[in-house]
Amino acid sequence: MNKIKAFFVKLKPSKRKLAQLYFALLFNANLKGFSTGNIYQGNTKKVCVPGINCYSCPGAVGACPIGSLQGSFSADKSTIFYVGGILLLYCILFGRLICGWLCPFGLIQELLYKIKTPKLKKSPVTRALSFFKYVVLVFFVFIVPITYAFRDTPLPAFCKYICPAGTFEGGIMLLSNKVNESYFAMLGPLFT
């Protein structure tokens, strides 16, 4: 009897997982987009949601903060301050709470981590490599987009080249709909 009870206790989602699921549904409230294969274009897409949630996801009703920030580099100066101010406000009000409780992609990452695969053990090498993520962040989110903004050709490098949320939420969700079969011709080796 204790084994059965332990099994069901293990299945019961934590408060944090329920919050992540709730916010994932809230930030992707355009359920019609999943059935039609279309990206929502309404007024709420002008607002950054807290947490990584791809703009191109068929269900997304808000904009991704990193994509918005990169897009603002090629816009007028007031847009940069608006987006930067929103992101700063989120950081001040919520801090790391966003990553652990509000981020829809955080839920996806945690669910993917539960898949039984070999995991890397922490070592001095992995700890040293973990600082590389900041180099990638600065290069793809700031340096490349700002460089291209000076050339008047915006390039959201993070979103285009390495964003895992864009690949999973935007790319796979759009490609899973038969209406978007022509999109397969646009896929490159990076997406694959």
Value rounded to 0.5 Å, distance of [atom1] in [X] from [atom2] in [Y]:
{"X": "Leu26", "Y": "Phe23", "atom1": "CG", "atom2": "CZ", "result": "6.5 Å"}
{"X": "Cys163", "Y": "Glu169", "atom1": "SG", "atom2": "CD", "result": "8.0 Å"}
{"X": "Leu87", "Y": "Ile66", "atom1": "CG", "atom2": "CD1", "result": "9.0 Å"}
{"X": "Asn30", "Y": "Gln41", "atom1": "CG", "atom2": "CD", "result": "10.0 Å"}
{"X": "Leu25", "Y": "Leu31", "atom1": "CG", "atom2": "CG", "result": "7.5 Å"}

Report the residues that fulfil side-chain hydrogen bond (donor to acceptor under 3.5 Å, both in side chains) with Thr79, sequence neighbours left out, ordered by chain and then residue number.
-> Asp76

Sorted by chain and number, sequence neighbours left out, side-chain hydrogen bond (donor to acceptor under 3.5 Å, both in side chains) with Ser182 holds for none

Pairs satisfying side-chain hydrogen bond (donor to acceptor under 3.5 Å, both in side chains), at least one member in residues 158-168, at least two apart = none

Residues in side chain to side chain contact (heavy atoms under 4.5 Å, CB included) contact with Ile172, at least two apart in sequence or another chain | Phe168, Phe191

Taking only residues two or more places apart in sequence or in another chain, which ones pass side chain to side chain contact (heavy atoms under 4.5 Å, CB included) with Leu112?
-> Ile108, Ile115

Give every residue pair that meets the salt bridge (Lys or Arg N to Asp or Glu O under 4.0 Å) criterion with at least one member in residues 176-192, sequence neighbours excluded.
-> none

Enumerate the residue pairs fulfilling salt bridge (Lys or Arg N to Asp or Glu O under 4.0 Å) with a member in residues 30-43, sequence neighbours excluded, ordered by first and then second residue.
-> none

Closest non-hydrogen atoms of Val83 and Ser72, given as atom of the first, atom of the second and distance, are CG2-CB, 4.1 Å

Check Leu18 against Pro13 and note the closest heavy-atom contact, atom names and distance.
-> CD2-CG, 3.8 Å

Would you call Leu107 and Leu21 a side-chain contact if the rule is heavy atoms closer than 4.5 Å?
-> yes

List for me each residue that meets salt bridge (Lys or Arg N to Asp or Glu O under 4.0 Å) alongside Lys17, sequence neighbours excluded, and say none if there are none.
-> Glu110

In this structure, are over 12 heavy atoms from other groups packed under 6.0 Å from Leu120 atom CG?
-> no

Please output the side-chain donor-acceptor pairs of residues 128-149 that fall under 3.5 Å, not counting sequence neighbours, one pair per line with the distance.
unit_1	atom_1	unit_2	atom_2	d
Ser130	OG	Arg127	O	2.6
Thr147	OG1	Ile143	O	2.7

Going by the ring pair (Phe, Tyr, Trp, His ring centres under 6.0 Å) test, which pairs reach into residues 59-117, not counting sequence neighbours?
-> none

Find out if a path of hydrophobic residues (ILVMFWY) with successive side-chain heavy-atom gaps under 4.5 Å connects Ile80 to Leu69.
-> no

Report yes or no: do Met173 and Val179 belong to one cluster of Ile/Leu/Val/Met/Phe/Trp/Tyr joined by side chain heavy-atom distances under 4.5 Å?
-> no

Compile the donor-acceptor pairs under 3.5 Å between side chains in residues 45-64 and protein atoms, sequence neighbours left out, one pair per line.
unit_1	atom_1	unit_2	atom_2	d
Lys45	NZ	Tyr40	O	3.2
Lys45	NZ	Tyr55	O	2.6
Asn53	OD1	Asn28	ND2	3.2
Asn53	ND2	Phe27	O	3.3
Asn53	ND2	Asn28	OD1	3.4

Apart from Ile92 itself, what residues make up its hydrophobic cluster when side-chain heavy atoms of I, L, V, M, F, W and Y under 4.5 Å apart count as a link, directly or indirectly?
-> Leu88

